[in-house]
Amino acid sequence: MTTFEPGEPPVRRNRLDSNTVARLDDVTTFAQLLDAAELVRMDHPGVRILCTLDDLGQCAYTSMHATLGLVDDDGTDHDDPVASHHFDNNAVARIAALLDNPAARVPWEALRDTRNASEDELTALVTANRSPDRVVDDVVLIQRVPVDRDDLAIAGIPNGYFADDWSTYDNHTVIRRMATHGYRHLAIGASLLAFARPTPPTPEQAAALVTDLTHLYGSPTAIAWHELAVQLPTQRHLILGYAENYADALTTDTEGASGQP
């Protein structure tokens, strides 16, 4: 794991911005991401930690556009490390404030059936949770996010750029809802969200979670929901798709180093 100090001049092929504090190369397992996030979290108390997940290059590209859709670039000289770091921190604070505005939040009920998943897409969701190693790009960046709540960590890598994806506001609502089931937002990619609990859920807790997931993805009688309800009590992680084509993250190769920003 390569680590960086906050505010170091970002090198785009290595960093998202000046708040990227670590980079993992040659990642092959989801467990590597979990372990690295915990180590970085211990080194950066008082802030939140968020990792990239699937398709780093596309994730960084859409996150850049999502950021500019939420906050304007104020003409900061990004070649000036101090000014650039100030801009990055200010952008996080402004996005977090937007997400934390009760008047702007997307109601949970408004997300009903918004993914309207097909049988194949629900199968992909089960596969992602059964085999999380498949959803991690071979390069992972870890972001230091200067906010005081876990649900606001998405302000560090806002995403949800395309019209048929969940927006950053939608993702924030999902993140808040997953927190009621004990899951902390851990990572975001071009198509997927990852969460982790301190311990696996009980079967009863898993059943309650699946009820909420059917609210998002529809098809409540699909066999995939039974499979997921059986799977979840054996693991700490949860993988969800937020993009229209999230199933593609499991059927195409990630770009890895060649697709980095």
*Asks:* Say whether, by atom type as modelled, one donor and one acceptor occur between the side chain of T180 and the main chain of R176 under 3.5 angstrom.
*Replies:*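 Judged by distance alone, no pair lies under 3.5 Å.
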
*Asks:* How close do V147 and A96 get, counting heavy atoms only, and between which atoms?
*Replies:*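 That would be CG1-CB, 3.9 Å.
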
*Asks:* With sequence neighbours left out, write down each residue that passes salt bridge (charged side-chain N to carboxylate O under 4.0 Å, His left out) with R236, or none if nothing qualifies.
*Replies:*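 Here no residue qualifies.
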
*Asks:* Can you name the nearest heavy-atom pair linking A124 to A247, along with the distance?
*Replies:* CB-CB, 3.7 Å

*Asks:* Can you name the ring-ring contact (aromatic ring centres under 6.0 Å, His included) partners of F195, sequence neighbours left out?
*Replies:* H185

*Asks:* In Å, rounded to the nearest 0.5 Å, how long is the span from CE of M1 to OG1 of T3?
*Replies:* 6.5 Å

*Asks:* Heavy atoms, side chains only, cut-off 4.5 Å: are L99 and Y169 in contact?
*Replies:*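 Yes, side chains in contact.
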
*Asks:* I'd like to know if the side chain of D137 reaches the main chain of L56, judged simply by a donor and an acceptor atom lying under 3.5 Å from each other, with no hydrogens or angles considered.
*Replies:* yes

*Asks:* Taking the side chain as C-beta and beyond, is there a heavy-atom pair between N19 and P146 under 4.5 Å?
*Replies:*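 They are in side-chain contact.
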
*Asks:* How long is the gap from CD1 on I157 to OG1 on T20, to the nearest 0.5 Å?
*Replies:*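 So the gap between those two atoms works out to 7.5 Å.
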
*Asks:* Considering only heavy atoms from C-beta outward, does the side chain of S219 approach that of L122 to under 4.5 Å?
*Replies:*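 In short, these two side chains touch, coming nearer than 4.5 Å.
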
*Asks:* Say whether, by atom type as modelled, one donor and one acceptor occur between the side chain of Y246 and the main chain of E121 under 3.5 angstrom.
*Replies:* yes

*Asks:* CZ/R112 to CG/L216 distance, rounded to the nearest 0.5 angstrom?
*Replies:* 9.5 Å

*Asks:* Using the rule that two of Ile, Leu, Val, Met, Phe, Trp, Tyr join whenever any of their side-chain heavy atoms come within less than 4.5 Å, decide whether V145 and F4 are in one cluster.
*Replies:*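 Cluster IDs for V145 and F4 differ.
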
*Asks:* Could you tell me which residues satisfy salt bridge (charged side-chain N to carboxylate O under 4.0 Å, His left out) with R197, sequence neighbours excluded, listed by chain and number?
*Replies:*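 So R197 forms no salt bridge (charged side-chain N to carboxylate O under 4.0 Å, His left out) with any residue.
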
*Asks:* Looking only at atom types and distance, does a side-chain atom of T52 sit under 3.5 Å from a main-chain N or O of L141, one as donor and one as acceptor?
*Replies:* yes

*Asks:* Is it the case that the side chain of Y217 and the backbone of G241 share a donor-acceptor pair, with hydrogens and angles ignored and the cut-off at 3.5 Å?
*Replies:* yes

*Asks:* Going by atom types only, do Q32 and T28 share a side-chain donor-acceptor pair under 3.5 Å?
*Replies:* yes

*Asks:* With sequence neighbours excluded, what pairs up with H237 under the ring-ring contact (aromatic ring centres under 6.0 Å, His included) test?
*Replies:* F30

*Asks:* Just wondering, do Q143 and V47 contact through their side chains at under 4.5 Å, heavy atoms?
*Replies:*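 No; the side chains remain at least 4.5 Å from each other.
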
*Asks:* Please list all pairs passing the ring-ring contact (aromatic ring centres under 6.0 Å, His included) test where one or both residues lie in residues 124-158, with sequence neighbours left out.
*Replies:* none

*Asks:* Which pairs pass salt bridge (Lys or Arg N to Asp or Glu O under 4.0 Å) with one or both residues in residues 199-223, sequence neighbours excluded?
*Replies:* R177-D212

*Asks:* Checking E5 now: which residues fulfil salt bridge (charged side-chain N to carboxylate O under 4.0 Å, His left out) with it, not counting sequence neighbours?
*Replies:*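 With neighbours one apart ignored, the set is empty.
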
*Asks:* Which other residues end up in the same hydrophobic cluster as I223, if Ile, Leu, Val, Met, Phe, Trp and Tyr are linked when side-chain heavy atoms come under 4.5 Å apart?
*Replies:* none

*Asks:* If you define the side chain from C-beta out and look only at heavy atoms, does anything of D26 sit under 4.5 Å from D138?
*Replies:*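 Side-chain contact under 4.5 Å: no.
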
*Asks:* Nearest 0.5 Å, what's the CD1-CD1 distance between I154 and I188?
*Replies:* 4.0 Å

*Asks:* Hey, quick one: are V230 and V210 part of the same hydrophobic cluster, counting side-chain heavy atoms closer than 4.5 Å, chains of contacts allowed?
*Replies:* no

*Asks:* Could you tell me if the side chain of D17 sits less than 4.5 Å from the side chain of S84, heavy atoms only?
*Replies:* no

*Asks:* Return yes if a side-chain donor-acceptor contact under 3.5 Å exists between Q231 and Q235, otherwise no.
*Replies:* yes

*Asks:* Tell me if a side-chain donor or acceptor on W166 pairs with a main-chain N or O of R115 at a distance below 3.5 Å.
*Replies:* no

*Asks:* Tell me which pairs pass side chain to side chain donor-acceptor pair (under 3.5 Å) where either residue lies in residues 146-157, with sequence neighbours left out.
*Replies:* R48-D150, D100-R149, R149-D151, D151-H172

*Asks:* For atom CG of N101, is the number of surrounding heavy atoms from other residues, nucleotides or ligands below 6.0 Å larger than 12?
*Replies:*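 Counting neighbours around CG of N101, more than 12 heavy atoms of other residues, nucleotides or ligands fall under 6.0 Å, so yes.
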
*Asks:* Looking at A128, is its backbone amide N or carbonyl O close enough to the side chain of S131 to form a donor-acceptor pair, meaning the two atoms are under 3.5 Å apart?
*Replies:*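 Not at all, since once roles are kept as given, no pair shorter than 3.5 Å links the two residues.
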
*Asks:* Could you measure the distance from the CG atom of L232 to the CG atom of L209? Nearest 0.5 Å is fine.
*Replies:*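 If I round to the nearest 0.5 Å, the distance is 5.5 Å.
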
*Asks:* Rounded at 0.5 Å granularity, tell me how far CG in L228 sits from OG1 in T123.
*Replies:* 11.0 Å

*Asks:* So, using side-chain hydrogen bond (donor to acceptor under 3.5 Å, both in side chains) as the criterion, who are the partners of S167 when residues are at least two apart?
*Replies:*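 side-chain hydrogen bond (donor to acceptor under 3.5 Å, both in side chains) check on S167 returns D170.
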
*Asks:* Please identify each residue that fulfils ring-ring contact (aromatic ring centres under 6.0 Å, His included) with Y161, with sequence neighbours left out.
*Replies:*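 Partners of Y161 by the ring-ring contact (aromatic ring centres under 6.0 Å, His included) criterion, ordered by chain and then number, come out as H65.
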
*Asks:* Any donor and acceptor pair, going by atom type alone, linking the side chain of T168 with main-chain N or O of N159 inside 3.5 Å?
*Replies:* yes

*Asks:* Of the non-hydrogen atoms in P201 and A206, which two are nearest, and what is the gap between them?
*Replies:* CB-N, 4.0 Å

*Asks:* Check step by step if side chain to side chain contact (heavy atoms under 4.5 Å, CB included) holds for M178 and V174.
*Replies:* CA-CA 6 Å; M178 294 305 101; V174 173; 4.1 Å; yes

*Asks:* How far apart are the closest heavy atoms of G189 and L53, and which atoms are they?
*Replies:* N-CB, 3.7 Å

*Asks:* Determine the minimum heavy-atom distance between A249 and L192, stating which atoms define it.
*Replies:* CB-CD1, 3.9 Å

*Asks:* Taking a hydrophobic cluster as the set of Ile, Leu, Val, Met, Phe, Trp and Tyr residues connected by side-chain heavy atoms closer than 4.5 Å, whether directly or through intermediates, do F162 and M64 fall within one such cluster?
*Replies:*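 No; M64 is not reachable from F162 via cluster members.
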
*Asks:* For A153 and L50, work out which heavy atoms get closest and say how close.
*Replies:* O-CD2, 3.4 Å

*Asks:* Is there a donor-acceptor pair closer than 3.5 Å between any side-chain N or O of D54 and the backbone N or O of V136?
*Replies:*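 Not at all, since once roles are kept as given, no pair shorter than 3.5 Å links the two residues.
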
*Asks:* Pairs of donor and acceptor atoms involving the side chains of residues 33-45, under 3.5 Å and at least two apart or interchain, shall be tabulated with distances.
*Replies:*
residue	atom	partner	partner atom	Å
E38	OE2	R41	NH1	2.6

